[in-house]
2 protein chains.
Amino acid sequence: MSHIYVIVDNVMQSPTWKDPVTAADRVLLEIQRAIVEGQIPAGSKISEPELAKRFDLSRAPLREALARLERCHLIERIPNAGARVVKLSVAGLISLYQLRETLEGLACRLAAEHMTDQEITEVQQLLDQHLSTQRVREGESYYQEAGDVDFHYRIILGSKNPYLINLLCDELYFIVRMYRVQLGMNGPRVSRAFDEHKAIINAIANRDGELADLLMRRHIGASRRNIESHFQAQGN
Amino acid sequence: MSHIYVIVDNVMQSPTWKDPVTAADRVLLEIQRAIVEGQIPAGSKISEPELAKRFDLSRAPLREALARLERCHLIERIPNAGARVVKLSVAGLISLYQLRETLEGLACRLAAEHMTDQEITEVQQLLDQHLSTQRVREGESYYQEAGDVDFHYRIILGSKNPYLINLLCDELYFIVRMYRVQLGMNGPRVSRAFDEHKAIINAIANRDGELADLLMRRHIGASRRNIESHFQAQGN
DNA sequence: AAAAGCCACTATGTCGACAATCAGTTTGAC
DNA sequence: GTCAAACTGATTGTCGACATAGTGGCTTTT
């Protein structure tokens, strides 16, 4: 299990993420992982003294971490009443994907305008590389997950819009992962996703922002509909 | 000067904002106002001991407030090196308005789907009301500002998308205001904005999300271009 | 004189304890 | 028996002090 996150973490740490220098940073990463994995169950109450004891530090850095957890929508705090881990719901997931559709569409439009030729070439090489790796180890969707994250990540960075980058890579990233992990959304759509990714980067290479926008929205919309149909019979 | 913010605050406090119950909440509001007004200059360093003394409280609630200020992009923190008020730039403002265009466009599309007939009627009445008030006190753009905020605010709430609402009303609201106040963007576009608002709410009333989206993006895009041309000769 | 290294000082990160607030329970009155 | 009010327990908010990392100035060396 653990090597999944090793891969993803390596992917993410380079560009926007600074390594955890302070104790609050370290505990933040640990709690993020625990919540995303479901080790701290969704909807459960957060006890500051308990977590402080569990991670062996004072409440001060812990509260700092909680503030940042609230920022990425992993917990909800009520003054004088404590914090709870967010409850997952189909409605929430749909709201989230609606946002992603629009935002990553915008990222594509801006990326078509601002990415350098070299950056585009690198992404294309990345896709070919992921394709071959996935061919070799068919069925193991970890690589698809990491590759998918990496692809979207590079497009977002290519937009060169700091607000958009911060939003998608810092604030929305973890809760998207939480939904994917806890609702088991690693699933199929493997080969189709590759083709869609290729079409998107090609549109960007042609500097056709309009088309890249459309393709990305359709790409994420397909994921969303895939999930929606998956949960039509169930409650949750 | 101060009564401007009284109006806006009254507008904002009802739906999503809880009144400041804790000391950190109170000082947060004060510092937000100070930064937005430029009383604490853009780009200046934040000294925790100094602010703690100035507002007469400990560093603990102050740091809580700083964490939330970072969340609304009003300050930037570097570990072990302190916090600075954000530096305004034309590039930053353009990035911000690009985001707003897309996000509020999405809000319109969702609002056309989710707003109740009553909510729509209320917004229409609000527009007529603001129009008459503005007619009476021509030239005083405060009312236009408050009315503009109120209009956009209601559309955003009408989207019923919690992530989108939180984003636009909590995270991006203050920095948008900071740009408007410090770069003096109360400006003209008064009567045109009214017409555009009316067209948008009419599209929503007709449940034409596509059109409402387009009109809103054009509406904000006009503001952005208005600002861009205003700063083509200057540095900043 | 300029650059590099050292040192003192300040600011940030962290800690433990106190105060205020809220939830659940028990007690009391009608 | 039921509702209300006070009490108890624990949790959160706040405080002051300590440890540590960064900043600026001074000395020393080339």
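Treat the numbers as computed from the prediction; the structure is a model and nothing was measured. Every heavy atom of this structure was used, including side-chain atoms; hydrogens, water molecules and symmetry mates were not. A note on names: the letters A, B, ... follow the listed sequences, proteins ahead of strands, and every chain is numbered from 1.
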Among B:Glu101, B:His152, B:Arg100, which residue meets the side chain to side chain contact (heavy atoms under 4.5 Å, CB included) test with B:Met216?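 Result for side chain to side chain contact (heavy atoms under 4.5 Å, CB included) with B:Met216: B:His152.
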
Would you mind telling me which of B:Ile75, B:Leu51, B:Val36, B:Ile46 makes a side chain to side chain contact (heavy atoms under 4.5 Å, CB included) with B:Ile31? B:Leu51

Verify the neighbour count for atom NZ of A:Lys45: are there more than 12 heavy atoms of other residues, nucleotides or ligands below 6.0 Å?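 More than 12 heavy atoms, drawn from other residues, nucleotides or ligands, come within 6.0 Å of this atom.
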
Below 4.0 Å from chain B heavy atoms, what is the first contacting nucleotide of DNA chain D and what is the last?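 Range of nucleotides touched by chain B: D:dG13 to D:dG22.
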
Could you check how far CG of B:Asp25 sits from P of C:dA20, rounded to whole Å? 18 Å

Quick check: closest heavy atoms across B:Arg59 and B:Ala52, and the distance to 0.1 Å? CG-CB, 4.2 Å

Step by step, would you call A:Cys72 with A:Leu172 a side chain to side chain contact (heavy atoms under 4.5 Å, CB included)? CA-CA 6 Å; A:Cys72 24; A:Leu172 263 38; over 6 Å; no

Using a cut-off of under 3.5 Å, enumerate the N/O to N/O pairs linking the protein to nucleotides 9-13 of chain C.
unit_1	atom_1	unit_2	atom_2	d
C:dT12	OP1	B:Lys45	NZ	3.4
C:dT12	OP1	B:Ile46	O	3.3
C:dT12	OP2	B:Glu48	N	3.3
C:dG13	OP1	B:Asn80	N	3.3
C:dG13	OP2	B:Arg63	NH1	2.5
C:dG13	OP2	B:Arg63	NH2	3.0
C:dG13	O3'	A:Thr22	OG1	2.9
C:dG13	N7	B:Arg59	NH2	2.9
C:dG13	O6	B:Arg59	NH1	3.1

Taking the side chain from A:Arg71 and the backbone from B:Arg71, do they hold a donor-acceptor pair closer than 3.5 Å?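 No; zero donor-acceptor contacts below 3.5 Å.
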
Okay, side chain of B:Thr116, backbone of B:Glu119: is any donor-acceptor separation there less than 3.5 Å? yes

Go through DNA chain C and write down every stem, that is, every run of at least three consecutive Watson-Crick or G-U wobble pairs with distances under 3.5 Å, as range with range. C:1-30 with D:1-30

Return the orientation label for the A:His73 and B:Tyr163 ring planes: parallel under 30°, perpendicular over 60°, tilted otherwise. perpendicular

Check: B:Ile156 and B:Cys169 side chains under 4.5 Å, non-hydrogen atoms: yes

Note: B:Glu37-B:Arg33 ion pair, threshold 4.0 Å (strictly below):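 So B:Glu37 pairs with B:Arg33 through a salt bridge.
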
